There are 2 protein chains.
Amino acid sequence: MPTTPRSPRRTDALTKERIVEAAIEILDTEGESALTFRALAARLSTGSGALYWHVANKDELLAAAAADVVGTALAGGDPDASPRAAVRALALGVFDAIDAHPWVGTQLSREPWQSAVLQIFEGFGGRMAALGVPEEARFDSASALVSYVLGLAAQYAAAARLVPKDADRAAFLGDIASGWLRLDPTTYPFLHTVAPLLPEHDDRRQFLAGVDVFLNGIATVS
Amino acid sequence: MPTTPRSPRRTDALTKERIVEAAIEILDTEGESALTFRALAARLSTGSGALYWHVANKDELLAAAAADVVGTALAGGDPDASPRAAVRALALGVFDAIDAHPWVGTQLSREPWQSAVLQIFEGFGGRMAALGVPEEARFDSASALVSYVLGLAAQYAAAARLVPKDADRAAFLGDIASGWLRLDPTTYPFLHTVAPLLPEHDDRRQFLAGVDVFLNGIATVS
DNA sequence: ACCTGAACACCGTTCAAGT
DNA sequence: ACCTGAACACCGTTCAAGT
């Protein structure tokens with residue numbers, strides 16, 4: 001695309017866009033707990049009250065930040081892809097966005113009617129017809145897919161919050177797994193069998209496996 | 001069952017059990033935002049610092065409260081049920097627990113390795129073999145099912161948080177639906193088609209429909 | 001119209017001091 | 001060993017006052 005002039009980006013004027021942008025930077029670099037109106041105001045060299053002229057409250061700020069990230073993650077997409085491939089690509093787009101910005105996973109499950117969730121819902125829902133899902137089942141099917149993605153997103157984000165950035169992931173999961181092995185094997189037989197798989201398992205692969213289970217299940221309705 | 005003497009329930013001694021019990025009461029009657037250590041201490045006629053002798057912090061308190069509710073929700077279960085019926089019953093048990101205690105939905109997606117989540121994971125995972133899922137797919141399948149349930153739980157809890165207790169649910173959802181209809185129909189065609197379904201839709205039925213999609217998908221792997 | 005920053009009304013958590 | 005409650009170090013949000 002041609003290099004159309006971007007938004008002027010004056011360093012002086014405070015806008016909602018600039019505030020959201022700065023919030024995303026803090027969330028990405030310092031984590032969810034570092035985003036406070038005080039820290040945000042300091043980074044923008046203004047007073048904390050000034051932010052409230054452009055943003056109603058923290059919920060709106062987080063929703064806008066999440067919508068921003070999800071919006072760019074879902075942009076594009078191969079129009080020639082099969083509906084199944086399109087759904088997989090959509091799901092992976094969300095997954096990768098959350099992998100890059102774990103706080104998005106927390107935010108998505110906090111408010112079902114925020115813009116970011118609607119974008120995802122529309123993305124999945126819009127493919128249901130092409131997948132052959134009968135009209136009366138499309139609402140249910142798309143909802144289920146959204147719930148699955150948001151559920152995994154939240155768990156993934158919680159894990160990212162818990163595992164220090166530079167920590168050894170496998171070692172951390174190994175600790176969790178040995179916790180499972182310490183549970184009573186009579187009441188937790190399944191956890192005992194899967195505990196060894198936990199440290200090495202690939203989140204992205206497992207996520208996609210879940211998407212495929214859903215797609216296969218959806219196919220039985222069509 | 002015979003009237004076995006319950007735990008002595010001395011009104012004087014402070015125990016973790018009594019604290020968790022009181023926390024659940026506050027969460028149920030006054031909502032998530034009402035649970036503070038100050039309010040909890042006041043209800044138990046003690047100082048807020050005393051609670052820390054029995055509970056490490058608020059996260060542990062919430063995890064214990066959720067484990068309590070989920071534990072009783074999953075207890076029992078028909079041993080003669082088919083594996084498919086058992087999974088559905090398990091899922092409905094979680095759903096109904098969250099319906100009765102919406103804060104559990106919030107809590108479950110906050111920490112993937114808390115006791116309540118492990119109970120659910122074990123419940124689903126333990127049925128995978130009987131469902132005919134091959135051994136190497138059981139971890140993925142059970143994880144996907146847990147993610148779906150937790151995802152819906154979080155959304156449901158967020159909705160319950162938003163809809164005032166005595167408010168007209170259909171009217172509230174009607175407002176959301178008209179918001180969807182105000183979106184650009186070119187970028188949100190799917191939302192436009194399902195908006196009319198939103199106010200009347202049955203959460204529990206839709207949840208179960210998702211479980212069935214999943215069970216059908218699992219069946220294709222086995 | 002937009003910004004400033006002190007002030008308000010809270011939090012979770014700690015800790016010296018009590019029994 | 002267990003409890004008390006003031007104190008600490010924060011929050012999100014409001015609002016009089018400025019430009």
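Source: prediction; values computed, not measured. Quick note on labels: first sequence line is chain A, next is B, and so on, each numbered from 1. All heavy atoms count here, side chains included; hydrogens, waters and symmetry mates do not.
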Nearest to the side chain of [X] - [options]?
X	options	result
A/Phe37	C/dG12, D/dG12, C/dC2	D/dG12
A/Leu14	C/dG12, D/dT13, C/dC3	C/dC3
B/His54	D/dC3, C/dG12, C/dC3	D/dC3

- Item | Within-4.5 Å side-chain heavy-atom neighbours: B/Thr187 and B/Asp184 |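 Of all side-chain heavy-atom pairs linking B/Asp184 with B/Thr187, at least one is under 4.5 Å.
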- Minimum side-chain heavy-atom gap A/Leu27-A/His101 below 4.5 Å: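 The answer is no; the side chains never approach within 4.5 Å.
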- What does B/Leu40 touch in the nucleic acid at a heavy-atom separation under 4.0 angstrom: a base, only the sugar-phosphate, or nothing?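 No contact.
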Rounded to whole angstrom units, what separation is found between the [atom1] atom of [X] and the [atom2] atom of [N]?
X	N	atom1	atom2	value
B/Lys58	C/dT13	NZ	P	8 Å
B/Leu44	D/dC2	CG	P	16 Å
A/Leu35	D/dC11	CG	C1'	12 Å
B/Leu51	D/dC2	CG	P	14 Å
B/Trp53	C/dG18	CH2	C1'	14 Å
B/Ile19	C/dG12	CD1	P	14 Å

- Task: Hey, could you give me each pair passing side-chain hydrogen bond (donor to acceptor under 3.5 Å, both in side chains) that has a residue in residues 57-77 of chain A? Not counting sequence neighbours.
- Result: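 Matches after skipping sequence neighbours: A/Lys16-A/Glu60.
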What pairs of nitrogen or oxygen atoms, one from the protein and one from nucleotides 5-10 of chain C, lie under 3.5 Å apart?
from	atom 1	to	atom 2	distance (Å)
C/dG5	O6	A/Gly49	N	3.3

- Should the ring pair B/Phe207 and B/Tyr148 be called parallel, tilted or perpendicular, given that the plane angle runs from 0 to 90° and is split at 30 and 60?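 The rings of B/Phe207 and B/Tyr148 lie parallel, inter-plane angle below 30°.
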- Task: Name the orientation class of the two ring planes belonging to A/Trp113 and B/Phe172 (parallel below 30°, tilted from 30 to 60°, perpendicular beyond 60°).
- Result: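 Perpendicular, since the angle between the ring planes exceeds 60°.
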- Task: Output all residues satisfying ring-ring contact (aromatic ring centres under 6.0 Å, His included) with B/Tyr188, sequence neighbours left out; order by chain, then residue number.
- Result: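 B/Tyr188 satisfies ring-ring contact (aromatic ring centres under 6.0 Å, His included) with no residue once adjacent residues are dropped.
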- Query: Does A/His201 have any ring-ring contact (aromatic ring centres under 6.0 Å, His included) partners at least two apart in sequence or in another chain, and if so, which?
  - Reply: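 A/His201 satisfies ring-ring contact (aromatic ring centres under 6.0 Å, His included) with B/Phe139 once adjacent residues are dropped.
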- Query: Counting only non-hydrogen atoms, which of residues 107-117 of chain A are less than 4.0 Å from DNA chain C?
  - Reply: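 Residues of residues 107-117 of chain A that come under 4.0 Å of DNA chain C do not exist, since none gets that close.
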- Message: Quick check: closest heavy atoms across B/Val69 and B/Ala97, and the distance to 0.1 Å?
- Response: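 The pair with the smallest heavy-atom distance is CG1-CB, 4.0 Å.
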- Query: What base-paired stems does DNA chain C take part in, with at least 3 consecutive Watson-Crick or G-U wobble pairs and both distances under 3.5 Å?
  - Reply: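 Correct response: C:4-8 with D:12-16, C:12-16 with D:4-8.
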- Message: Can you tell whether the side chains of A/Arg43 and A/Glu25 come within less than 4.0 Å, N to carboxylate O?
- Response: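 The answer is yes: the pair qualifies as a salt bridge.
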- Can a donor-acceptor pair be found between the side chains of B/Arg161 and B/Ser33 at a distance below 3.5 Å?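 The answer is no; no qualifying pair exists.
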- Within the distance-only criterion (no hydrogens, no angle test), does the side chain of B/Arg18 pair as donor or acceptor with the backbone N or O of B/Ala13 below 3.5 angstrom?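 Checked: pair present.
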